[in-house]
Amino acid sequence: QTLHEQFTFPTYLWIDAVCIDQNNIEERGQQVSLMFEIYTKASVVVAWLGEEDKYTVPALRLLYGLSGLWDWWSDDAKAAIRHLAHNEEFKSFWLALGHFFARTWWTRMWIVQEIVLAKDAILVCGRWCVSWDRLCKATPVLMDSSTDELFEATLVTGDFRHFHAALRGIGLLKCLKETSMEIGHNSTGTSSREKCRLSALLHIGRSYEATDPQDKVYGILGLLRGFEVFPQLEVRYDRTVSDLYMRTAELIYKEENLNFLGLVEVNRSSDQKRQFILPSWAPDFTVPTNYLPIFSGMRYPPIWSDKAEVSREMSGTFTFTGDSKGYCKFDLKAKTITVTGFRVDTIQGIKTRFVDIIPDFRRGHAGRYGKRICWLPPDETKESELEEVWNSVLGQKPTQVRAWVPAEKVGVEGSFPPPHMNPQCFQTAKMGLYGVTDAAIYVDDHICGLLGLGVPCILRRRANSWRFVGLR
């Protein structure tokens, strides 16, 4: 009815809730396979946010006003925003926008490809609408550091707790959409393709909700085609979730070697039965991104120097097994993988801090070096998130936490919540090595190197097989 009132007919409409029989898994699979064609060939994609409420009109009025500031963004405009953030007369408009961003549409898995693949997108809320382009003009204004005062003013009430998540999500979709267009114009763009790997898009999908856990994978297949990536994966809803996630891990292995193990969530109890009866080596793509290991993408500096002198270009990828090519054989029926590697040592002692294992531990050099290898320097956002945890592991006094990076730097990397970590320090039995991990380790667990995996891993012996515990 809403569309009938807003569009001039005759108009051809494809509405997923009407055109797909959700109870027919064969039809669902066939229609989901066509999502790329449907969204890319549509003249416009209309996103239904739900019926309007008392907050809809003031929220959209504020968005329209903020988007107008984008064309003459200056210090005067920033001063105006700071004034409006504390003006009681405008509080109802900010509150309305908070409710607008709290709608469940912003958390749905399927909106990613709806927006990214669309030539043009319109968000409809009851009788009212706003274009995606106008929304993108308004968000940089909202994400400017001057609006921090708005959030600080409402920390107690939490009226605007949805702002950061929604704004980062919009920034992420905008970044992906620009990347898709960049690849369309320049098919050889290597840096753009790094953002569009299967593992990277699955990582993004973890921040969104899906009723069917299989859609955590199927929901990004259309995106991959938009980025000119064609994984050999048929959309079939008659598969089990476990089978689909294992097949997806195998696809990532073909593209990125054994690095798919870095997608397995951390802080799992050793005897905990995982969802969907997944084996220990298969990622659970329904688990949020902040439960992933922090050691999967380690970097190291080539020289011992102050962090200010270390740039991203100077740092290299840490490869524990050198340039060796991994071997991994998948047996999906048995839910096992066969890999080649070597044992380094076994874990003997476990503590929460290094100073509890080594009383005379010299924290200075280890602190500077450790902060460099735990994330990609000089990413101050991630350092801000992890610095306090790393200092507690080392037994140091925490330093002042850094502020968020400017809004224009917020892209794929800055769009996820802080890591959920419970780091543990350990000492090995024979070689007396020391290490730290965010995996749930036990005494007698084995520190191992697997050919093709860039960082050491931790395995647990189980009869005639091994259980994957985590990375270190």
Side-chain angles (χ1 to χ4, degrees), residues 197-203 205-206 216-217 231 242-270 272 274-299 317-332 334-344 347 373-376 419-421 423-424 426 435-442 445-462 465-472:
R197 287 183 172 182
L198 175 59
S199 61
L201 294 179
L202 288 168
H203 183 79
R206 290 179 185 245
K216 287 285 191 172
V217 176
S242 178
D243 180 65
L244 175 60
Y245 285 8
M246 288 190 295
R247 289 178 185 274
T248 305
E250 186 176 14
L251 287 174
I252 298 173
Y253 164 71
K254 293 177 180 178
E255 189 178 71
E256 301 181 44
N257 223 321
L258 284 177
N259 291 328
F260 72 87
L261 293 174
L263 301 176
V264 179
E265 69 277 12
V266 298
N267 295 328
R268 297 172 291 138
S269 169
S270 60
Q272 174 186 357
R274 303 181 67 203
Q275 281 196 101
F276 319 121
I277 321 178
L278 283 167
S280 64
W281 53 266
D284 182 351
F285 297 109
T286 65
V287 175
T289 56
N290 53 337
Y291 282 81
L292 297 182
I294 65 172
F295 298 99
S296 58
M298 293 171 67
R299 301 278 175 140
T317 303
F318 183 88
T319 52
F320 184 66
T321 56
D323 58 357
S324 61
K325 184 171 177 57
Y327 168 82
C328 185
K329 182 180 180 181
F330 288 77
D331 186 341
L332 301 187
K335 295 188 175 182
T336 62
I337 57 174
T338 303
V339 295
T340 302
F342 53 89
R343 280 183 283 181
V344 177
I347 295 175
I373 66 174
C374 284
W375 48 80
L376 306 178
H420 180 91
M421 295 184 298
Q424 299 182 83
F426 61 85
V436 60
T437 181
D438 48 3
I441 55 174
Y442 279 3
D445 282 347
H446 294 259
I447 309 297
C448 301
L450 302 181
L451 302 187
L453 181 63
V455 295
C457 70
I458 301 170
L459 303 179
R460 184 168 299 147
R461 190 71 178 175
R462 288 292 179 87
S465 64
W466 297 85
R467 174 188 173 93
F468 176 73
V469 178
L471 305 177
R472 72 109 356 253

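Scope of the values below: all heavy atoms of this structure, side chains included, with no hydrogens, waters or symmetry mates. Starting from 1, each residue takes its place in the sequence as its number.
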Problem set entry | Donor-acceptor under 3.5 Å (Lys216 side chain, Tyr245 main chain) | no
Exercise. Relative to the ring of Phe260, is the ring of Tyr253 parallel (under 30°), tilted (30 to 60°) or perpendicular (over 60°)?
Worked result: perpendicular
Exercise. Hey, are the side chains of Ile447 and Ile458 touching, using non-hydrogen atoms and a 4.5 Å cut-off?
Worked result: yes
Exercise. Atom CD in Glu250, atom CG in Asp331: separation rounded to 0.5 Å?
Worked result: 10.0 Å
Seminar exercise, completed: In this structure, CH2 of Trp466 is separated from SG of Cys448 (nearest 0.5 Å) by 5.5 Å
Exercise. Within the distance-only criterion (no hydrogens, no angle test), does the side chain of Lys325 pair as donor or acceptor with the backbone N or O of Gly452 below 3.5 angstrom?
Worked result: no
Problem set entry | Asp438 versus Leu471, closest heavy-atom pair with distance | OD1-O, 4.3 Å
Exercise. Would you say Leu258 and Leu451 make side-chain contact, with heavy atoms under 4.5 Å?
Worked result: no
Problem set entry | Rounded distance [0.5 Å steps], CZ in Arg467 versus OH in Tyr442 | 9.5 Å
For this session: Could you tell me whether the side chain of Ser199 reaches within less than 4.5 Å of the side chain of Leu263, counting heavy atoms only?
Result: yes
Problem set entry | Leu278 CG to Met246 CE distance, which is reported to the nearest 0.5 Å | 7.5 Å
Problem set entry | Closest non-hydrogen atom pair, Pro231 against Leu251 | CB-CD1, 4.1 Å
Exercise. Ser242 versus Pro279: any side-chain heavy-atom pair under 4.5 Å?
Worked result: yes
Problem set entry | Residue pair Thr286 / Phe276, side-chain heavy-atom distance below 4.5 Å | yes
Exercise. Are the side chain of Trp281 and the backbone of Val264 linked by a donor-acceptor contact shorter than 3.5 Å?
Worked result: no
Exercise. Are Gln424 and Thr437 close enough that a side-chain donor and a side-chain acceptor fall under 3.5 Å?
Worked result: no
For this session: Let me see the working for Tyr327 and Val339 under side chain to side chain contact (heavy atoms under 4.5 Å, CB included), right down to the final yes or no.
Result: CA-CA 6 Å; Tyr327 168 82; Val339 295; 5.8 Å; no
For this session: Check Asp284 against Arg206 and note the closest heavy-atom contact, atom names and distance.
Result: O-NH1, 3.1 Å
Problem set entry | Interatomic distance, Ile441 atom CD1 to Ile347 atom CD1 [nearest 0.5 angstrom] | 4.0 Å
Exercise. Could you give the distance from CG (Leu453) to SG (Cys328), rounded to the nearest 0.5 Å?
Worked result: 10.5 Å
For this session: Check whether any side-chain heavy atom of Ile337 sits under 4.5 Å from a side-chain heavy atom of Lys329, and report yes or no.
Result: no
Problem set entry | Asn259 backbone acceptor or donor facing Asn257 side chain under 3.5 Å | no
Exercise. Would Arg247 and Asp243 pass as an ion pair if we require N to O under 4.0 Å?
Worked result: yes
Exercise. Hey, which of Arg461, Arg460, Arg462, Arg343 is the one that makes salt bridge (Lys or Arg N to Asp or Glu O under 4.0 Å) with Asp445?
Worked result: Arg460
